[in-house]
Peer 1: 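Take this structure first; my questions come after.
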Protein chains: 2
Amino acid sequence: MLEKLDLSKTADDDGYEKTLEAYSDRLGVLQRTLREQKIPAMIIIEGWNASGITMAVHEIVHALDPRGYALYAIEKPTDEERARPFLWRFWLRTPPKGRISLFARSWYSRAISEEMQKHTWEKSLKVRVSQINNFERQLSDDGTIILKFFLHITKEEQKARLEERERNPLTAWLVTPSIWNIHRHYDDSFPVIDGFIEKTHTDYAPWTLVEATDRKYAILKVYAAIIRTLEKRCETAGDGKPKKQKDKEIVKPKKNPVRRHSRPDKIFTREELQETLSQLQVEMLEMHYHLFKRKIPLIVVYEGWDAAGKGGNITRVTRFMNPLGYYVVPVAAPAGHENDYHYLRRFIKYFPTRGDIAIFDRSWYGRVLVERVEKFCPESDWQRAYQEINEIEEEFVSSSGGGIVKFWLEISKDEQLKRFQQRASDPVKVYKITDEDWRNREKWDQYAEAIDEMLARTSTEIAPWTIVESDDKWFARVKAIRTIIAAARALL
Amino acid sequence: MLEKLDLSKTADDDGYEKTLEAYSDRLGVLQRTLREQKIPAMIIIEGWNASGITMAVHEIVHALDPRGYALYAIEKPTDEERARPFLWRFWLRTPPKGRISLFARSWYSRAISEEMQKHTWEKSLKVRVSQINNFERQLSDDGTIILKFFLHITKEEQKARLEERERNPLTAWLVTPSIWNIHRHYDDSFPVIDGFIEKTHTDYAPWTLVEATDRKYAILKVYAAIIRTLEKRCETAGDGKPKKQKDKEIVKPKKNPVRRHSRPDKIFTREELQETLSQLQVEMLEMHYHLFKRKIPLIVVYEGWDAAGKGGNITRVTRFMNPLGYYVVPVAAPAGHENDYHYLRRFIKYFPTRGDIAIFDRSWYGRVLVERVEKFCPESDWQRAYQEINEIEEEFVSSSGGGIVKFWLEISKDEQLKRFQQRASDPVKVYKITDEDWRNREKWDQYAEAIDEMLARTSTEIAPWTIVESDDKWFARVKAIRTIIAAARALL
């Protein structure tokens with residue numbers, strides 16, 4: 001076990017440099033332990049302008065092996081980032097197992113500086129609080145250590161430091177009029193920041209407030225808190241997850257589950273359906289132009305039984321759509337490095353930018369379908385996923401003003417058998433059928449149970465499921481494209 | 001073997017739709033063959049505004065399995081992309097093995113529209129021609145198929161099409177004043193584009209000019225050229241590389257190789273060195289500020305024998321540097337998915353943005369060191385690498401206005417043994433020494449040969465090697481930081 005440092009020492013006891021060196025060595029050792037135990041960690045340094053964020057980051061970085069950390073200085077979002085949900089760029093910067101993501105400023109500074117400009121800032125910030133708490137809880141549940149620091153200085157101290165920077169020719173150009181302007185609003189910002197910190201101070205991602213007037217004291221306090229937290233985790237963990245998880249309120253499936261049907265109530269001829277589809281494809285093209293022009297993003301999720309016709313359906317829906325404004329995301333089993341992150345990250349990465357349509361051919365729902373049935377993850381993971389998914393879809397919609405359409409392509413067990421056999425006997429299609437498909441088919445009932453629970457627990461107001469009766473492929477295509485058009489129209 | 005299609009058929013012979021369907025099916029089959037044979041392909045569609053680029057892309061995309069292609073609509077670069085070398089964002093979009101990258105416009109449109117605005121556009125375009133030809137040759141040598149199309153319409157036809165778009169309420173907003181302005185300069189642009197195409201029409205990346213007034217004819221011509229090229233390669237290849245490579249002029253090592261020394265001529269005391277280092281660290285901090293303010297990027301490459309002290313040297317060089325303006329890129333063996341790309345891609349990804357310093361702890365030189373000695377790649381690959389590396393460094397410097405500093409940290413064989421033994425007997429440092437280090441040491445002479453050839457063939461005017469005599473670590477640190485400061489000063 002790790003030998004403990006005396007973290008109560010201060011600069012005065014033993015000399016600042018010596019204490020700092022001891023802390024730094026210890027952090028180096030702890031970083032290697034994190035790596036061995038595959039524990040990811042996020043360290044967030046926030047604070048007033050000129051409070052010493054850079055200096056704190058600097059000292060921490062010097063203790064770390066560059067192979068094991070990434071440092072992100074969070075500034076204004078780029079155009080690409082601005083066109084995505086608020087947390088998108090932070091999701092992409094979450095650490096993989098065994099590594100540290102260090103943030104010099106973060107979603108906190110961004111939320112405050114972006115939302116405060118709005119008239120409805122109080123309401124906006126409330127939304128951000130909820131999104132941020134969800135984000136941090138999801139990562140924590142997945143085993144990520146989250147440490148947050150706020151470096152505090154008084155308005156007078158800030159003024160003195162800004163003036164000091166202005167006197168130094170090397171740093172004077174960094175003290176812009178906008179920095180002074182923020183300084184003048186110190187007293188107005190104080191209660192807002194204070195309230196924000198209070199509302200995001202959680203068990204899973206607590207804040208440490210650091211009195212940062214004495215720079216040396218501040219550095220040692222940050223160091224000590226990091227070391228204390230990492231030591232605690234490294235001692236108790238081993239599987240990359242906190243030992244004791246607080247009991248989660250498990251949402252029960254709805255009483256009135258979504259009914260799956262593989263055949264429509266009314267039967268149409270193939271000619272009728274094809275004729276209707278052609279008209280709808282033209283309408284889809286127009287609707288796509290409107291979304292594109294208005295910069296509204298849309299997510300379309302295709303889930304369904306093997307051989308339910310997802311690929312063919314997508315091809316028909318997109319037939320006349322401008323390929324520069326939509327893309328299909330084919331989802332396979334995660335690649336090696338993708339497994340090192342929270343399972344949602346690889347999907348969030350492909351969330352559409354403003355005006356784009358992202359069509360997911362399978363999706364994050366794999367967590368509560370194949371991963372559940374095949375036991376690729378423990379029950380606690382997929383149980384937690386329903387809520388996580390609902391939260392992430394909610395964040396997409398509320399942050400981007402876009403929409404989510406989710407299809408379950410339902411076929412009967414007999415229809416599936418027929419299609420499997422057709423594929424197996426057709427030399428052009430035989431590549432589409434694998435042993436795995438046959439194995440999955442044997443677990444039909446287990447999948448059915450997982451599907452029903454998924455439909456019940458993730459059919460939300462902002463992202464409802466649509467059952468697409470797919471025994472008749474042409475009917476299914478018409479229903480899918482019609483549903484997308486209606487959803488798009490509702491967004492305009 | 002693949003059954004051949006009759007590609008000489010035109011729309012008139014057999015009906016457009018039917019021919020298109022046959023071509024589309026064939027392309028689908030070829031895509032699967034590419035995947036099986038692990039061949040990457042790039043298809044670039046260029047042309048005049050309103051020449052039908054989107055329509056061509058649209059038809060190709062519909063033939064493809066979404067799992068195997070990525071479509072990139074190349075527009076103006078984002079701020080982040082603008083702060084990197086010209087080809088940076090295109091490198092990141094090159095296809096991995098077995099996949100297709102499809103470009104709707106590309107580095108060609110960008111080069112012309114960005115360079116034409118400069119006074120010195122003729123000279124700038126000449127530089128771009130050379131960079132683009134190098135880029136395409138490097139990818140082709142690595143096995144990538146490159147197909148380039150230019151869709152041609154006359155000025156009158158363009159006018160008619162733009163007016164047609166303006167009449168359609170769905171597309172009218174896309175016809176901006178700037179599009180009309182470009183149209184008015186059609187006659188001026190013609191010879192420039194023509195010359196650019198001529199100079200980038202190469203064996204390894206040929207252009208196909210497509211008369212695009214008849215849209216159907218254009219689509220079929222593009223399709224036929226793609227199918228013909230892919231069929232040819234799928235028949236001959238198997239290892240993902242073109243069977244017959246043209247003979248390369250192999251650059252001979254320079255007559256006067258760079259001499260490696262592990263000890264400096266003059267001996268200093270440790271106190272002298274530490275005192276000097278402290279002063280230089282402060283100077284480095286200032287220099288870093290100047291680079292940052294002037295937005296000049298710098299690459300620092302550390303190569304050297306195992307235990308030569310790269311890590312400690314980097315720590316000392318960066319001691320007072322602002323961590324928000326530099327980063328260390330620790331280079332290990334490539335991860336699985338990185339092997340699917342040209343070996344340079346994973347390094348180019350970390351090339352610094354304007355004002356940043358990127359410090360590579362090992363680098364792309366691994367290709368001609370460890371990969372050569374350990375035979376991780378065939379001789380033709382590492383032989384080719386000298387030229388590729390020189391080209392890529394040249395492109396970085398000329399595109400970004402930045403600099404490259406390259407260190408070889410030299411220690412004697414005895415000194416290495418001493419350090420290995422120290423590490424092995426120190427419980428804090430023992431993790432730093434592995435069996436691999438001992439194995440590498442046994443191949444000292446083979447490495448020495450590879451190092452000498454590397455120094456001789458890649459010590460260029462814009463990116464020379466500096467030998468850092470590292471038997472004395474403190475001397476090495478002083479020399480490294482002094483060299484970086486001098487290089488930075490030369491850039492200001």
Peer 1: Taking B:D361, B:V57, B:T78, B:T318 one by one, which has the highest count of heavy-atom pairs under 4.5 Å against chain A?
Peer 2: B:T318
Peer 1: Tell me, for A:A104 versus chain B, whether the close heavy atoms (under 4.5 Å) come from the side chain, the backbone, both or neither.
Peer 2: side chain
Peer 1: For the NE2 atom of B:H62 and the CZ atom of A:R316, what is their distance to the nearest 0.5 Å?
Peer 2: 10.0 Å
Peer 1: What residue, out of B:M321, B:K293, B:E286, B:M55, has the most heavy-atom pairs lying under 4.5 Å from chain A?
Peer 2: B:K293
Peer 1: Which distance, rounded to the nearest 0.5 Å, do you find between the NZ of A:K76 and the CG of B:D79?
Peer 2: 11.0 Å
Peer 1: When heavy-atom pairs shorter than 4.5 Å are enumerated against chain A, which of B:I314, B:L285, B:V328, B:I359 gives the highest number?
Peer 2: B:V328
Peer 1: For a quick test of reading the model, state the closest non-hydrogen atom pair linking B:P66 to A:P330 and the distance between them.
Peer 2: O-CG, 3.3 Å
Peer 1: Once rounded to the nearest 0.5 Å, what's the spacing between atom OH of A:Y431 and atom CD of B:E36?
Peer 2: 11.0 Å
Peer 1: What are the two closest non-hydrogen atoms of A:R319 and B:H58, and how far apart are they?
Peer 2: O-NE2, 2.7 Å
Peer 1: Chain B heavy atoms under 4.5 Å from A:Y69: which part of the residue, side chain, backbone, both or neither?
Peer 2: neither
Peer 1: Under 4.5 Å heavy-atom distance to chain B, tell me which part of A:E338 shows up: side chain, backbone, both or neither.
Peer 2: neither
Peer 1: Report, as yes or no, whether the 6.0 Å neighbourhood of atom CZ on B:R67 holds more than 12 heavy atoms from other residues, nucleotides or ligands.
Peer 2: no
Peer 1: Measure the spacing between CG of A:L174 and CG of B:N322 and express it to the nearest 0.5 Å.
Peer 2: 8.5 Å
Peer 1: At what distance, to the nearest 0.5 angstrom, does CZ of B:F292 lie from CG of A:L170?
Peer 2: 13.0 Å
Peer 1: Which word best sums up how the rings of B:Y289 and A:W173 line up, parallel for under 30°, tilted for 30 to 60°, or perpendicular for over 60°?
Peer 2: perpendicular
Peer 1: Please name the pair of heavy atoms, one in A:P323 and one in B:V61, separated by the smallest distance, quoted to 0.1 Å.
Peer 2: CB-CG2, 4.5 Å
Peer 1: Looking at A:Q274, I want to see if its CD is surrounded by more than 12 non-hydrogen atoms of other residues, nucleotides or ligands under 6.0 Å.
Peer 2: yes
